[in-house]
Enquirer: 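One structure follows; several queries about it will come next.
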Amino acid sequence: MLHARRLPANVVDRLAASLSELAGAPVELERPSDPEHGDYATNIALRTAPQRKQPPRELAAELAARAQELEEIERAEVAGPGFLNLWVTTAWLAEALQEIGPDYGSGSASDQAQRIQVELISANPAGPLTVGSARNGAYGDSVARLLDYAGHDVMREYYFNDAGRQVDLFRASVEARRSGQELPEGGYQGEYINELAALEVDPVQHMLGEIRREVAEFRIDIDTWRHQGEIEEEVAALLPRLDTYEAEGTIWARTSAYGDDKDRPLIRSSDGSYLYFAADVAYVRDKLERGFDLAIYVLGADHHGYVGRLKAAAAMLGYDPERIEVLIYQLVHIVEGGLTKKISKRRGDVVFLHELVEKIGVDAARWYLISRGHDQPIDIDVDLAAERSQKNPVYYVQYAHARIAGILRNVEAAEDSSVIVPKELEREERDLIKRLAEFPVIAAEAAERRAPHAIPIYAIRVADDFHRFYHEHRVVGSETEAFRLALVRAAQHVIARALDLIGVEAPERM
RNA sequence: GCGCCUGUAGCUCAGUGGACAGAGCGGCGGCCUUCUAAGCCGCGGGUCGGAGGUUCGAAUCCUCCCAGGCGCACCA
């Protein structure tokens, strides 16, 4: 740790550390919803009372007396069964405010930074991206942004299954349409097949280009694009390293010996053709050999069965299966006339990403797809989504950012770090500062839990506190103008960063 | 049958052991001569699917049950 660059813990951490020292146990500070319960509160006395063999309230009272001595504490009270409620000083709040800049809360994991690859979307080039792929992209990309912000070295990769049966079927479907023949069995239907048939292009090549364009438009910056063909070339060299056997005209991988539910077929003996799992194994090796500490797969719930076989593939190759992490999100269903159905590109039961974006825009679409927990299924009715997009909370948050930009357009003063802090702060000012000071923990936890939906929820609260402050108090021309400018600038930094972490723009005007 | 996920306000959802369970939307009622009313304030609204258990304390952890989604392919 001698040379490792430790980030300066923020004032909340320092306060928690001081209290931990007093309590002899790690103190976690929470923000009570009831203002009667102080600026911060901790249950440390309740938690440690059993070991100390002391009544919680008595312990809390001792802590309160000593906390009172800390210079950042204005008042400390015991409440309820043994909570310790704390009120902080104005000076402490001012210090908290001073820490907030454009990169506030970044680097939470930089002392344990890893090289991380996030593979996302990886939809077949057998049609445009669906809203299901959009959820994958929005979720995976936001996780990547969070990990990057936390200090990891993150690469995003997209894998094209451009050599499999689905793609052949897709190509055949377009050909059939062109020549007026019947669709092949289980072939692709839908308007976009007709449109493709009318173009003089190779359907797969065309879709590869379309998908790259759509991904970029959805603000996902893919570092590397891989194709099934290049991965399959690695299979042959890999085979000797695998635990295999032949049965029923197939070469199998003995994955069941490595934690999978069952063995997986690798190669069809009759013609030597690779089955899908062969490429999976080669791809796992490819990823881990490229030196990533962690390879994250972002998969829909319908691919849940993949977790075991991917980890088994890693284990069979002699890698630590912990280096494979699979993030599962629940599916997006489409709703039509009150009925829910699973998306199927093949059947033509589908809502495409471009349709959603045309109707509500990238900002509302990304917000909508991310603000639900990834464990929560989403039903989407595009017409309803369009109707409701005006009520999307994303505008509420963006509006706060734009309002601040409006204030700042009225002043010439540059950002000033030596701001004189008023002796007494207004309630809305205190609330806003405390809210902003939560951001480092929110961002760090969202990254650790792979849960970007915590960001929009928090952003709404910040906008809430800002709008209330804005409504009650003038900034420009007020007696404490410099201080309030610093406050709204800090709020703007945090809002802009929160929006950026989920790939949403922070407008200067609305 | 087995595995994973879900069930919280009229609707869509937050809340990974703490103080009376929260927000948005919808409903009702107020607030613009002042930095953007895409805003602010107020009112109403709940057997946290059900039953047991662990705990000083459970929406949260454990078990069982009910309901829904997704898997359990030589498709991806």
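Numbered from 1 within each chain, the chains take letters A, B, ... in sequence-line order.
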Enquirer: Within the 3.5 Å criterion, strictly below it, is a donor on A:Y188 or A:Q166 matched to an acceptor on the partner's side chain?
Expert: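 Side chains of A:Y188 and A:Q166: pair found under 3.5 Å.
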Enquirer: With sugar-phosphate meaning primed atoms plus P, OP1 and OP2, does A:R264 contact a base, only sugar-phosphate, or nothing at under 4.0 Å between heavy atoms?
Expert: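 Answer is nothing: A:R264 stays at 4.0 Å or more from every strand.
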Enquirer: Between A:Y470 and A:H467, is the gap from one ring center to the other below 6.0 Å?
Expert: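 So the answer is no for these two rings.
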Enquirer: Below 4.0 angstrom from OP1 or OP2 of B:U12, is there any side-chain N or O of A:K391?
Expert: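 It does not, given that no N or O in the side chain of A:K391 lies less than 4.0 Å from OP1 or OP2 of B:U12.
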Enquirer: Is there a side-chain contact between A:Q376 and the phosphate of B:G69, meaning an N or O under 4.0 Å from OP1 or OP2?
Expert: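 False: A:Q376 side-chain N/O out of range (4.0 Å or more) of B:G69 OP1/OP2.
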Enquirer: Examine the side chains of A:Y283 and A:E232 and answer whether a donor and an acceptor come within less than 3.5 Å of each other.
Expert: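 Distance-only check fails for A:Y283 and A:E232.
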Enquirer: If pairing requires Watson-Crick or G-U wobble contacts with both distances under 3.5 Å, which nucleotide is the partner of B:G29?
Expert: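 Result: B:C41.
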Enquirer: Give a yes/no on whether any side-chain N or O of A:R468 is located under 4.0 angstrom from OP1 or OP2 of B:C41.
Expert: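 Checking A:R468 against B:C41: at least one side-chain N or O falls below 4.0 Å of OP1 or OP2.
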Enquirer: Under 4.0 Å, counting only non-hydrogen atoms across every strand here, what does A:H473 touch: a base, just sugar-phosphate, or nothing?
Expert: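 Touches a base.
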Enquirer: Taking the side chain of A:I460 as heavy atoms from C-beta outward, which of B:A23, B:G69, B:C72 is closest to it?
Expert: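 Taking heavy atoms from C-beta onward, the closest nucleotide is B:A23.
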Enquirer: Identify whether any heavy atom of A:N161 sits under 4.0 Å from a base atom; if not, whether one sits that close to sugar-phosphate; answer base, sugar-phosphate or nothing.
Expert: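 Sugar-phosphate, no base atom in range.
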Enquirer: Indicate, with a heavy-atom threshold strictly under 4.0 Å, whether A:E248 touches base, sugar-phosphate, or nothing.
Expert: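 The answer is base, as A:E248 lies within the cut-off (heavy atoms under 4.0 Å) of a base atom.
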Enquirer: Hey, does A:G373 reach any base, or is it just sugar-phosphate, or nothing, if we go heavy atoms under 4.0 Å?
Expert: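 Sugar-phosphate contact only - A:G373 comes under 4.0 Å of backbone atoms but never of a base.
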Enquirer: Can A:F83 be classed as stacking with the base of B:G18, given a centroid separation cut-off of 5.5 Å and a plane angle cut-off of 30°?
Expert: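 Stack criterion not met.
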Enquirer: Select one nucleotide: of B:G24, B:C5, B:C40, the one nearest the side-chain heavy atoms of A:P393.
Expert: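 Comparing B:G24, B:C5, B:C40 against the side chain of A:P393, the answer is B:G24.
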Enquirer: Would one find a side-chain N or O of A:Y396 under 4.0 angstrom from OP1 or OP2 of B:C40?
Expert: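 Yes.
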Enquirer: Does A:A49 reach a base, just sugar-phosphate, or nothing at all? Heavy atoms under 4.0 Å.
Expert: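 It contacts nothing in the nucleic acid.
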Enquirer: Please determine, for the side chain of A:Q390, which listed nucleotide (B:G69, B:A38, B:U6) has the closest atom?
Expert: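 The answer is B:A38, which lies nearest to the side chain.
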Enquirer: Using the P atom as the reference point in each nucleotide, state the distance between B:C28 and B:U47 in Å, no decimals.
Expert: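 Rounded to whole Å, the distance is 24 Å.
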Enquirer: Look at all strands and tell whether A:H333 reaches a base, only sugar-phosphate, or nothing, counting heavy atoms closer than 4.0 Å.
Expert: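 Sugar-phosphate, no base atom in range.
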Enquirer: Among side-chain atoms of A:D375 and A:Y329, is any donor-acceptor pair under 3.5 angstrom?
Expert: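 There is no such pair between these side chains.
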Enquirer: For the residue pair A:F352 and A:Y192, does the interplanar ring angle fall in the parallel (under 30°), tilted (30 to 60°) or perpendicular (over 60°) class?
Expert: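 If you compare the ring of A:F352 with that of A:Y192, the planes turn out perpendicular.
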Enquirer: Can you tell me the base-pairing partner of B:C48? Count Watson-Crick or G-U wobble geometry only, both distances below 3.5 Å, and say none if there is no partner.
Expert: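 Across any shown strand, B:C48 pairs with none.
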Enquirer: Give none if B:G71 has no partner; otherwise give the nucleotide forming a Watson-Crick or G-U wobble pair with it, both distances under 3.5 Å.
Expert: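 By the stated definition (distances under 3.5 Å), B:C2 pairs with B:G71.
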Enquirer: Under 4.0 Å between any heavy atoms, over every strand shown, what does A:Y306 touch: base, sugar-phosphate, or nothing? Just pick one.
Expert: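 Counting heavy atoms under 4.0 Å across all strands, the contact made by A:Y306 includes a base.
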Enquirer: Going by atom types only, do A:R268 and A:S273 share a side-chain donor-acceptor pair under 3.5 Å?
Expert: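 Short answer, yes.
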Enquirer: Touch check for A:R57, heavy atoms < 4.0 angstrom, all strands: base, sugar-phosphate only, or nothing?
Expert: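 No contact.
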Enquirer: Hey, are A:S269 and A:E246 close enough side-chain-wise for a donor-acceptor pair under 3.5 Å?
Expert: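 Result is yes, a qualifying pair exists.
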Enquirer: Taking the minimum atom-to-atom distance to the side chain of A:N124, which one of B:A14, B:G69, B:A76 wins?
Expert: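 The nucleotide sitting nearest to the side chain is B:A76.
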Enquirer: Does the side-chain ring of A:H37 sit on the six-membered ring of the B:A19 base, less than 5.5 Å centre to centre and under 30° in tilt?
Expert: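 It does: the ring sits over the base of B:A19.
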Enquirer: Quick one: look up who B:G7 pairs with, Watson-Crick or G-U, both distances under 3.5 Å, and put none if it's unpaired.
Expert: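 B:C66 - that is the nucleotide pairing with B:G7, both distances being under 3.5 Å.
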Enquirer: For B:G71, does OP1 or OP2 lie under 4.0 Å from any side-chain N or O of A:K342?
Expert: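 Yes, because at least one side-chain N or O of A:K342 sits under 4.0 Å from OP1 or OP2 of B:G71.
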Enquirer: Nearest to the side chain of A:N85, heavy atoms from C-beta on, is which of B:A76, B:A19, B:C70?
Expert: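 Nearest to the side chain of A:N85 among the choices is B:A19.
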Enquirer: Under 4.0 Å from OP1 or OP2 of B:U34: is there any side-chain N or O of A:R474 that close?
Expert: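 Negative; the distance criterion is not met.
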Enquirer: In terms of base orientation, is B:C32 syn or anti, with the syn window spanning 90° either side of 0?
Expert: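 In terms of base orientation relative to the sugar, B:C32 is syn.
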Enquirer: Go through B:C75, B:A19, B:G18 for me and flag the one nearest to the A:R47 side chain.
Expert: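 Between B:C75, B:A19, B:G18, the one nearest the side chain of A:R47 would be B:G18.
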Enquirer: Name the nucleic acid region contacted by A:E428, choosing base, sugar-phosphate or nothing; use a 4.0 angstrom heavy-atom cut-off, strictly under.
Expert: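 A:E428: no heavy atom of the nucleic acid under 4.0 Å.
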Enquirer: Could you identify the nucleotide paired to B:A21, looking across every strand shown and requiring Watson-Crick or G-U wobble geometry with both distances under 3.5 Å?
Expert: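 Its partner: none found.
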Enquirer: Answer with base, sugar-phosphate or nothing: what part of the nucleic acid does A:A454 contact at a heavy-atom distance below 4.0 Å?
Expert: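 Contact class for A:A454: none.
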Enquirer: To the side chain of A:D34, which of B:C20, B:A76, B:C74 is closest?
Expert: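 Of all the options, the side chain of A:D34 is nearest to B:C20.
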Enquirer: Which nucleotide sits closest to the side chain of A:R372: B:C13, B:C70, B:C35?
Expert: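 Side chain of A:R372 sits closest to B:C13.
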Enquirer: What contact category does A:L46 fall into here, base, sugar-phosphate, or nothing, at under 4.0 angstrom with non-hydrogen atoms?
Expert: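 Base, at least one base atom sits under 4.0 Å.
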Enquirer: Hey, is the side chain of A:R403 poking within less than 4.0 Å of OP1 or OP2 on B:A37, counting only N and O atoms?
Expert: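 Checking A:R403 against B:A37: at least one side-chain N or O falls below 4.0 Å of OP1 or OP2.
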Enquirer: With rounding to the nearest 0.5 angstrom, report the CD to NE2 distance, A:Q376 to A:H374.
Expert: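 Taking CD in A:Q376 and NE2 in A:H374, the distance rounds to 10.5 Å.
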Enquirer: Using the P atoms only, state how far B:G52 lies from B:A59, rounded to an integer number of Å.
Expert: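 About 14 Å, rounded to a whole number of Å.
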Enquirer: Does a nitrogen or oxygen in the side chain of A:H453 sit under 4.0 Å from OP1 or OP2 of B:G15?
Expert: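 Checking A:H453 against B:G15: at least one side-chain N or O falls below 4.0 Å of OP1 or OP2.
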Enquirer: Could you work out which one of B:C35, B:C70, B:C40 sits closest to the side chain of A:Y470?
Expert: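 Side chain of A:Y470 sits closest to B:C35.
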